[in-house]
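Notes to accompany the following structure.
In what follows, chains carry the letters A, B, and so on, assigned in the order in which the sequence lines appear, proteins first and then strands, with residues in each chain numbered from 1. The analysis underlying the following values was restricted to heavy atoms, covering all of them including side chains, and did not include hydrogens, waters or symmetry mates.
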Amino acid sequence: MVAITLPDGSERKFDGPVTGAELAADIGPGLAKAALAVRVDGALKDLSAIIETDSDVAIITSKDDDALELLRHDCAHVMAEAVKELYPDTQVTIGPNIENGFFYDFARDTPFVPDDLEKIEARMHEIVKRDETITREVWDRSDAIKFFKDAGEHYKAEIIEGIPGDEEVSLYRQGDFIDLCRGPHLPSTGKLGKAFKLTKLAGAYWRGDSNNEMLQRIYGTCWADKKQLAEYLHMLEEAEKRDHRRLGREMDLFHLQDVAIGSIFWHPKGWTLYRTVQEYMRKRLEDGGYVEVNTPQLVDRGLWEDSGHWEKFRENMFVAEVDESRGGGETHAEGEAIPGAEKEAQTKFLALKPMNCPCHVQIFKQGTTSYRELPIRMAEFGSCHRYEPSGALHGLMRVRAFTQDDAHIFCTEDQIEAETKTFIELLASIYKDFGFEDFVVKFSDRPEVRAGSDDVWDRAEKALMDATVAAGVELVMNPGEGAFYGPKLEFVLRDAIGRDWQCGTHQVDFVLPERLDASYIGEDGAKHRPVMLHRAILGSFERFLGILIEHYAGKFPLWLAPLQIVVATITNAADDYAAEVMEAMEESGLRAELDVRNEKINYKIREHSHAKVPVILVVGANEADAGTVAMRRMGGKDQEILALKEAAARLRDEAAGPLAGG
RNA sequence: GCCGCCGUAGCUCAGGGGUAGAGCGCGCCAUUGGUAAUGGCGAGGUCGGAAGUUCGAUUCUUCCCGGCGGCACCA
């Protein structure tokens, strides 16, 4: 006797073991048809799975959230089947689900081209139409390895060899296609439906290691019905419109150019935005007890050797070679011959700083520091250069020249927790001011290769963890991803199309103070090592502004908008009054422009709306007579008639932004 | 750095072995118009760069540069 409890609490009894399919049929023919899989005591299983003991069981249909996982994974299998049919010389490797879809990696001598995607997709629809039964088989491991090796599927064989000995080796068969898979799967390919689309083609290294061969990856998206698919595709299109690279051009904020790859040319409007954010940050740091410093761009190799960067970070550094015996002080790229410098050359290497920390330690080391002075929170809007791999460059998000809102907190070990908590609170408050209520915090703990004793790591990790809990922040664990010198927190924001970017960071460092011999005088009169906390909130201005542009889709709140107000006239008769309005705005410290062109008001509204100017003050003869303005907000249809004085006061208050009153 | 795709006017894109075209934008003229497209005229391109094939290359081939999407990288 097997008793099945359904989600609604009702119970069904069977004489013996029963499959999910039988259970569904027992409940009703409609459900039997719609059933895709079962959840038995919390675990998702095939519809054909035999339930032998009393269990809580839910029948999964396409309406369940779980169904998407099944559909997407089946979609990957159907794609692999299609690929094997069309291109038999292809080897299949792995094909997991990802957010919104799936991918499958294939090994093939000739790479796929975009046209192939259409053919594969068409074949996938055929396979769905064939409605092939999907069956699960458990194989003997060595039989499975032999089977795949004989079939020329060396990657699959390698995967099976890696499966732990106590695990079952299960294969799923649909038509002539058979694949190693943990499952579960749909009962047949027909259940997949039509709501899928292959989206992109990419190279990907076998097992994610760049030393391995590159495979061909095909990405796809898959949904429960066509409506969901259409919605998703539409969302992608909309997201593209808020791409910061596109808005940067459309809104005349910045540009990139071959002559300085990976560096930003900031235009007046973009630079206004940048400065607004920077001035805001400066104020918040000041209030937060930071002192601001500025340190050199070009720093002698010796310091980088001492700090360890020359050894660990050399590949990412821009290095200039200088012959100091020459009067001109010319610099040359490393390796380039210096003309006429065979003799007497006194060559020196200088590097553009990729980080600010070693320089900050130099400031810390000037004179002596008492324990009474700690913590010292030393901030710098530090310009850094890193030679990033060409394939990594991405608009403002990944550049070779950037400015961090960097700071190093020199403190005692006892102060780590409190400083961390204070930092997280400051960060959350700042993110909130920029409109980011949600962000992901990752905790990266000790990596395999690390400096410092386990005891020190225990304490550092505990301090970070305790501080995070105290700050009420939820963590995602990122095991083994800490820096070699200490654990770190990463604060991650998301761009318009769902790509994650690390912005804020907070790292505990016991190593650099040691390497650069930083010390303070303790209560006992003896020298002690300070701990360094490396921390940034925005991360880099470039990346953060990229995220900010996408977050607001260019429609900035008043305090951030590069151009806040346009005063637009209806007729020339209002020109003089418009100039008065303009003056009132400027006196209120607002960034305003006057538009007295001989154009229709429709034309002006449309143009400034496209430019995403938050406020348009329309003035015509009526307003001039009454001493008012007609205020129109970005995106709104209605207008508000206000006395000029009141409009100026209200806009001034609003434009003060989050720093208002401070 | 690796794989694939792409590079034609300021922008979006069409075209194609005989030195190029649209829309928007831009300029000029007319229009003084009450809240998201007024009308007319006009300017603007070494078709990413370098070689090669050809009588002739923007078009075909090769290499280089850059961009895009991934992968790898990301103190």
Open item on the list: Regarding A:Met634, tell me which of base, sugar-phosphate or nothing describes its non-hydrogen contacts under 4.0 Å with the strands shown.
Closed with: base
Open item on the list: Heavy atoms only, 4.0 Å cut-off, all strands: where does A:Ile601 land among base, sugar-phosphate and nothing?
Closed with: sugar-phosphate
- [ ] Check every atom of B:U35, B:C71, B:G4 against the side chain of A:Arg217 and return the nucleotide holding the closest atom.
- [x] B:C71
- [ ] Output the single nucleotide from B:A72, B:G66, B:A36 whose closest atom is nearest the side chain of A:Ser210.
- [x] B:A72
- [ ] State whether A:Phe103 and A:Arg217 meet the cation-pi test: NZ (Lys) or CZ (Arg) under 6.0 Å from the six-membered ring centroid, and within 45° of the perpendicular axis.
- [x] yes
Task: Value in whole Å for how far the P atom of B:C64 lies from CG of A:Asp258 - done: 16 Å
Open item on the list: Heavy atoms only, 4.0 Å cut-off, all strands: where does A:Asn316 land among base, sugar-phosphate and nothing?
Closed with: nothing
Task: Atom-pair distance (CZ on A:Arg606; P on B:G34), nearest Å - done: 18 Å
Open item on the list: Looking at B:G70, I'd like to know if its phosphate oxygens (OP1 or OP2) sit under 4.0 Å from a side-chain N or O belonging to A:His394.
Closed with: no
- [ ] Specify the separation, in whole Å, of atom OH of A:Tyr104 and atom P of B:C3.
- [x] 23 Å
- [ ] Return the value, rounded to whole Å, for the distance between atom CD of A:Glu213 and atom P of B:A72.
- [x] 14 Å
- [ ] Indicate, with a heavy-atom threshold strictly under 4.0 Å, whether A:Pro111 touches base, sugar-phosphate, or nothing.
- [x] sugar-phosphate
TODO: Choose from B:G33, B:A36, B:C3 the nucleotide whose nearest atom is closest to any side-chain atom of A:Lys637.
DONE: B:A36
- [ ] Look at all strands and tell whether A:Tyr219 reaches a base, only sugar-phosphate, or nothing, counting heavy atoms closer than 4.0 Å.
- [x] sugar-phosphate
- [ ] Using a heavy-atom cut-off of under 4.0 Å over every strand shown, decide if A:Ala202 touches base, sugar-phosphate, or nothing.
- [x] base
Task: Watson-Crick or G-U wobble partner of B:G17, both distances under 3.5 Å - done: none
Open item on the list: Please tell me if A:Ser390 has a side-chain N or O lying less than 4.0 Å from either OP1 or OP2 of B:G1.
Closed with: yes
TODO: Classify the side-chain pair A:Thr295/A:Gln362 by whether it contains a donor and acceptor separated by less than 3.5 Å.
DONE: no
- [ ] Please report, rounded to the nearest Å, how far the P atom of B:A30 is from the CZ atom of A:Arg597.
- [x] 17 Å
Task: Selection from B:G4, B:U35, B:U38 that lies nearest to any side-chain heavy atom of A:Glu599 - done: B:U38
Open item on the list: Just to be sure I understand the rule, does A:Ile261 reach a base, reach only the sugar-phosphate, or reach nothing, if contact means heavy atoms closer than 4.0 Å?
Closed with: sugar-phosphate
Task: Which nucleotide in B:A36, B:U32, B:C5 has an atom nearest any side-chain atom of A:His610 - done: B:A36
Open item on the list: Counting the atoms with a prime plus P, OP1 and OP2 as sugar-phosphate, which does A:Arg386 contact under 4.0 Å by heavy atoms, base, sugar-phosphate, or nothing?
Closed with: sugar-phosphate
TODO: Ignoring backbone atoms, test whether A:Arg249 places a side-chain nitrogen or oxygen under 4.0 Å from the OP1 or OP2 oxygen of B:U12.
DONE: yes
- [ ] Answer yes or no: does a side-chain N or O of A:Arg543 lie under 4.0 Å from OP1 or OP2 of B:C74?
- [x] no
Open item on the list: With a cut-off of less than 4.0 Å, is there a side-chain N or O of A:Arg499 near OP1 or OP2 of B:G70?
Closed with: yes
Open item on the list: For B:U38 and A:Lys600 - does any side-chain N or O of the residue sit under 4.0 Å from the phosphate oxygens OP1/OP2?
Closed with: no
Open item on the list: Show the nearest heavy-atom pair for residues A:Asn212 and A:Trp206, with the distance to one decimal.
Closed with: ND2-O, 2.7 Å
Open item on the list: Ring centres under 6.0 Å, that's the criterion: do A:Tyr87 and A:Phe106 meet it?
Closed with: no
TODO: Tell me whether the guanidinium CZ or amine NZ of A:Arg301 lies under 6.0 angstrom from the six-membered ring centre of A:Trp304 and within 45° of its axis.
DONE: no
Task: Among B:C73, B:G33, B:G70, the nucleotide that comes nearest once only the side chain of A:Met214 is considered - done: B:G70
TODO: Determine, for A:Arg245 against A:Asp243, whether the closest basic-nitrogen to carboxylate-oxygen distance falls under 4.0 angstrom.
DONE: yes
Open item on the list: Counting only side-chain nitrogens and oxygens, does A:Arg245 get under 4.0 Å of the OP1 or OP2 atom of B:C68?
Closed with: yes
TODO: Give a yes-or-no answer on whether the side chains of A:Tyr485 and A:Glu514 include a donor-acceptor pair shorter than 3.5 Å.
DONE: no
